[in-house]
Amino acid sequence: MPVINSGFGGRRGASDARLPPGQTLVDDWPVLTAGLTPDIGAHEWTFTITTETGTEHGWDWSALQNVGVEDVVTDIHCVTHWSKLDMAWRGVPLDRLFEDVETSCDYVMVRSHGGYTTNLPLDDLLEGQAWIATEAEGEPLTAEHGGPARLLVPHLYFWKSAKWVREIRMMPNDDPGFWEQNGYHLRGDPWREERYW
Ligand SMILES: Nc1nc2c(c(=O)[nH]1)N[C@H]1C(S)=C(S)[C@@H](COP(=O)(O)O)O[C@H]1N2
Ligand SMILES: [Mo]
């Protein structure tokens with residue numbers, strides 16, 4: 001049973017109500033990558049949650065699948081003003097991956113293969129709000145869209161959804177990641193137009 005995580009559907013004009021301020025709908029799926037596209041096979045992919053005490057919780061590809069995937073239909077919003085509605089995703093909810101993680105930190109730094117980073121409050125990753133996504137629109141994620149696996153945090157601007165995700169590191173303060181150091185907002189809520197700061 002897919003999780004429907006947007007409030008509207010079906011009625012005429014509904015797509016306008018689902019479009020955050022300053023956004024325009026697209027039908028294609030643009031690729032936005034700062035730098036090169038890493039070439040990572042599923043067999044060599046690993047994902048680690050590292051706590052402030054240095055404890056590591058790790059998954060390889062098959063361990064991740066065993067945690068259990070779920071289907072999610074959701075909208076995505078890029079800070080460069082495009083939005084895409086009703087995308088079909090498949091991924092592992094971060095709630096499951098954080099089940100055994102003990103931390104007193106309120107923030108995380110997400111790190112990708114290739115060096116990209118982005119910061120988030122831990123609260124934005126839990127309670128059915130974020131996934132390690134492995135498929136989109138019924139196909140395995142392509143390399144250009146972050147395959148074999150990327151973070152998916154659809155309620156925030158899409159730069160928070162780190163492609164080729166490799167690690168989530170707990171941190172006590174909300175230190176800025178790659179785009180955040182370059183002027184993007186620390187949190188990035190599209191409904192509040194938190195684009196820059
Ligand atoms: N590792 C990594 N993740 C990334 C990026 C990136 O450059 N590197 N770009 C971000 C930005 S700005 C956006 S809008 C989305 C774009 O994802 P897409 O190329 O699949 O549309 O990925 C985000 N995640
Ligand atoms: Mo973006």
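Computed over heavy atoms, backbone and side chain alike; hydrogens, waters and symmetry mates excluded. Order of listing sets the numbers, starting from 1, for every ligand and every atom in it. Just so it is clear, the structure is predicted and the values come from calculations on it, not from any experiment.
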Could you pull out all residues at least two apart from Trp29 that satisfy side-chain contact (heavy atoms from CB on, under 4.5 Å)?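 Trp29: side-chain contact (heavy atoms from CB on, under 4.5 Å) contacts with Ile76, Trp82, Lys84, Met87, Trp89, Ala136, Leu141, His145, Arg150, Phe158.
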Check ion pair Arg187-Asp174 (N to O, under 4.0 angstrom):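 A salt bridge is absent here (no side-chain N lies under 4.0 Å from a carboxylate O).
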When rounded to the nearest 0.5 angstrom, what is the spacing between NE2 in His155 and CD in Gln129?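 The NE2 atom of His155 sits 4.0 Å away from the CD atom of Gln129.
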Give the minimum heavy-atom separation between [X] and [Y], together with the two atoms involved.
X: Asn119; Y: Lys160; answer: O-NZ, 2.6 Å
X: Gly147; Y: Trp164; answer: O-CD1, 3.1 Å
X: His77; Y: Ser83; answer: ND1-OG, 2.7 Å

Does ligand 1 have any N/O atom under 3.5 Å from a protein N/O, and what are those pairs and their distances?
unit_1, atom_1, unit_2, atom_2, d
ligand 1, 1 (N), Ser112, OG, 3.4
ligand 1, 1 (N), Lys163, O, 3.1
ligand 1, 3 (N), Lys163, N, 2.9
ligand 1, 7 (O), Ala34, N, 2.7
ligand 1, 9 (N), Leu32, O, 3.2
ligand 1, 17 (O), Arg150, NH2, 3.1
ligand 1, 19 (O), Leu32, N, 2.9
ligand 1, 19 (O), Lys163, NZ, 2.6
ligand 1, 20 (O), His145, ND1, 2.6
ligand 1, 20 (O), Arg150, NH1, 2.7
ligand 1, 21 (O), Trp29, NE1, 3.0
ligand 1, 21 (O), Pro30, O, 2.7
ligand 1, 22 (O), Arg150, NH2, 3.2
ligand 1, 24 (N), Ser161, O, 3.1

